[in-house]
Amino acid sequence: MTASLDRVARRGLAHEAADRIRRAIFAGEFPPGAPLREVELAAALGVSRGSVREGLALLEQEGLIRSAWHRGTSVIEVTPNDVEEVYALRAALDRLAAVSARAAASAEQLTELDDLVGAMENEIHGEASGPRLLALDIAFHDRIYEIAANGRLSRAWQAVRSQVYLFQLRRIALGYQHYSARVVDEHRELAALLRAGDAETLGRAAQEHVDSARRSLLADLPE
């Protein structure tokens with residue numbers, strides 16, 4: 001007997017609205033603390049308020065926005081406590097991802113990581129842009145999680161990824177020189193250790209990479 005199952009819902013306007021609002025947040029159009037008003041977003045996106053409301057609910061699940069009764073919806077603030085929590089979790093996830101990827105990576109995949117580092121370097125030597133550098137930075141780490149081939153680990157990364165992205169944008173806004181001076185060398189070191197390093201050294205480097213970002217952001221974050 002065939003089980004009675006509901007049909008799978010197709011990806012619709014709510015997901016598209018969430019994608020576009022997320023991109024706008026990452027582009028700096030809605031900074032931390034900025035309000036997100038359904039009526040204005042629906043008009044700008046050309047969709048219904050219902051689709052926007054559902055899209056905002058998806059972003060709230062990612063931890064990127066917050067809703068409060070009588071206070072509306074806004075992009076999350078970047079507080080010291082949030083930074084400590086998010087980067088502590090990311091450090092543990094990145095360490096496991098790097099060590100797992102080291103054991104599974106093919107030569108072609110390692111070359112892809114090298115190419116991303118090269119793109120970061122080209123960005124630095126050209127008209128460097130913080131958001132473009134960060135997009136390459138996040139793409140590098142996305143690729144490590146893909147190479148690690150651990151579904152549960154990847155889902156854990158996706159659960160915190162949007163917050164990491166927003167916090168790193170804040171770090172760049174407050175201390176771009178520190179970020180741009182370190183981003184290429186730190187990722188080059190990780191790529192080299194993935195290719196030829198031992199697991200323990202790689203794990204420490206992956207964790208220190210995150211801890212360095214945490215310390216930098218906390219040092220520049222207003223009280």
Side-chain angles (χ1 to χ4, degrees), residues 6-68 71-79 82-83 85-87 89-90 93-94 97 112-113 115-116 119-120 123 129-173 179 183 187 210 213 217:
D6 293 332
R7 295 181 66 85
V8 174
R10 289 180 171 82
R11 195 175 190 280
L13 291 176
H15 285 84
E16 182 66 24
D19 288 348
R20 294 190 182 189
I21 296 168
R22 187 190 303 106
R23 285 199 296 269
I25 292 171
F26 291 164
E29 295 176 31
F30 298 107
L36 297 168
R37 300 182 177 90
E38 285 183 13
V39 173
E40 295 173 4
L41 291 170
L45 295 172
V47 298
S48 70
R49 287 184 63 183
S51 294
V52 169
R53 189 177 304 117
E54 292 177 32
L56 291 175
L58 294 172
L59 297 180
E60 189 166 14
Q61 291 175 10
E62 296 177 12
L64 192 56
I65 67 174
R66 289 190 177 120
S67 297
R71 297 181 63 183
T73 301
S74 61
V75 181
I76 62 169
E77 298 280 3
V78 181
T79 70
D82 289 337
V83 170
E85 289 186 357
V86 168
Y87 282 82
L89 178 56
R90 185 192 173 188
L93 294 176
D94 273 20
E112 290 173 1
L113 293 175
D115 290 344
L116 284 167
M120 293 179 204
E123 185 68 33
S129 157
R132 290 199 301 268
L133 267 178
L134 180 57
L136 293 168
D137 180 340
I138 296 294
F140 181 94
H141 292 284
D142 283 340
R143 195 70 187 103
I144 288 178
Y145 279 90
E146 291 169 7
I147 295 168
N150 181 324
R152 288 176 173 80
L153 178 61
S154 291
R155 287 191 290 275
W157 164 240
Q158 289 300 319
V160 75
R161 182 182 184 274
S162 287
Q163 294 174 70
V164 168
Y165 210 124
L166 182 66
F167 287 16
Q168 286 289 85
L169 277 175
R170 188 68 172 139
R171 175 193 174 196
I172 289 170
Y179 176 76
V183 63
H187 287 87
V210 178
L217 177 52

>> I'd like to check L64 versus Q163 (side-chain heavy atoms, cut-off strictly below 4.5 Å). Are they in contact?
In response: no
> For R155, which residues count as a side chain to side chain contact (heavy atoms under 4.5 Å, CB included) partner, sequence neighbours excluded?
Replying inline: R152
> Who pairs with E85 by side chain to side chain contact (heavy atoms under 4.5 Å, CB included), at least two apart in sequence or on another chain?
Replying inline: N81
>> I need the L133 CG to S129 OG distance, nearest 0.5 Å.
In response: 7.0 Å
>> If the condition is side chain to side chain contact (heavy atoms under 4.5 Å, CB included), which residues does Q61 pass it with, not counting sequence neighbours?
In response: L58
>> I'd like to know if the side chain of Q168 and the backbone of L134 have a donor-acceptor N/O pair within less than 3.5 Å.
In response: no
> Should R66 and D82 be marked as a salt bridge (Lys or Arg N to Asp or Glu O under 4.0 Å) after you check the CA-CA gap, both sets of side-chain angles, and the distance that decides it?
Replying inline: CA-CA 13 Å; R66 289 190 177 120; D82 289 337; 3.3 Å; yes
>> If the test is side chain to side chain contact (heavy atoms under 4.5 Å, CB included), which one of V210, V160, V164 qualifies with L89?
In response: V160
>> With ring pair (Phe, Tyr, Trp, His ring centres under 6.0 Å) as the rule and sequence neighbours excluded, what pairs involving residues 45-67 come up?
In response: none
>> Rounded to the nearest 0.5 Å, what separates atom OG in S74 from atom CG in L56?
In response: 10.5 Å
> Can you name the residues that form a side-chain hydrogen bond (donor to acceptor under 3.5 Å, both in side chains) with D142, not counting sequence neighbours?
Replying inline: W157, R161
> S51: what forms a side-chain hydrogen bond (donor to acceptor under 3.5 Å, both in side chains) with it, not counting sequence neighbours?
Replying inline: S48
Only distances under 3.5 Å count here; give the side-chain donor-acceptor pairs of residues 37-45 to other protein atoms, sequence neighbours excluded, each with its distance to 0.1 Å.
residue: E38; atom: OE1; partner: R49; partner atom: NE; Å: 3.4
residue: E38; atom: OE1; partner: R49; partner atom: NH2; Å: 3.3
residue: E38; atom: OE1; partner: R53; partner atom: NE; Å: 3.4
residue: E38; atom: OE1; partner: R53; partner atom: NH2; Å: 3.1
residue: E38; atom: OE2; partner: R53; partner atom: NE; Å: 3.2

>> Measuring from atom CG of L166 to atom CZ of R171, what distance do you get when rounded to the nearest 0.5 angstrom?
In response: 14.0 Å
> Considering residues at least two apart in sequence or located in another chain, which fulfil the ring pair (Phe, Tyr, Trp, His ring centres under 6.0 Å) criterion with Y165?
Replying inline: F26
> What distance do L36 atom CG and I25 atom CD1 have between them, rounded to the nearest 0.5 Å?
Replying inline: 5.5 Å
> With Y179, which residues qualify under ring pair (Phe, Tyr, Trp, His ring centres under 6.0 Å), at least two apart?
Replying inline: none
> So, for S67 and T73, which heavy atoms are closest and what is the spacing to 0.1 Å?
Replying inline: OG-OG1, 2.9 Å
> Roughly how far apart are E54 CD and L59 CG, rounded to 0.5 Å?
Replying inline: 12.5 Å
>> My understanding is that only residues two or more places apart in sequence, or in another chain, count here; which of them pass side-chain hydrogen bond (donor to acceptor under 3.5 Å, both in side chains) with R143?
In response: E112, E146
>> Donor-acceptor pair, distance only, cut-off 3.5 Å: does the side chain of Y145 make one with the backbone of N150?
In response: no
> What pairs meet the salt bridge (charged side-chain N to carboxylate O under 4.0 Å, His left out) rule with one or both residues in residues 21-34, with sequence neighbours excluded?
Replying inline: D19-R22, R22-E62
>> Tell me every residue that passes ring pair (Phe, Tyr, Trp, His ring centres under 6.0 Å) with Y87, counting only those two or more places apart in sequence or in another chain.
In response: none
> Can a donor-acceptor pair be found between the side chains of R20 and H15 at a distance below 3.5 Å?
Replying inline: no
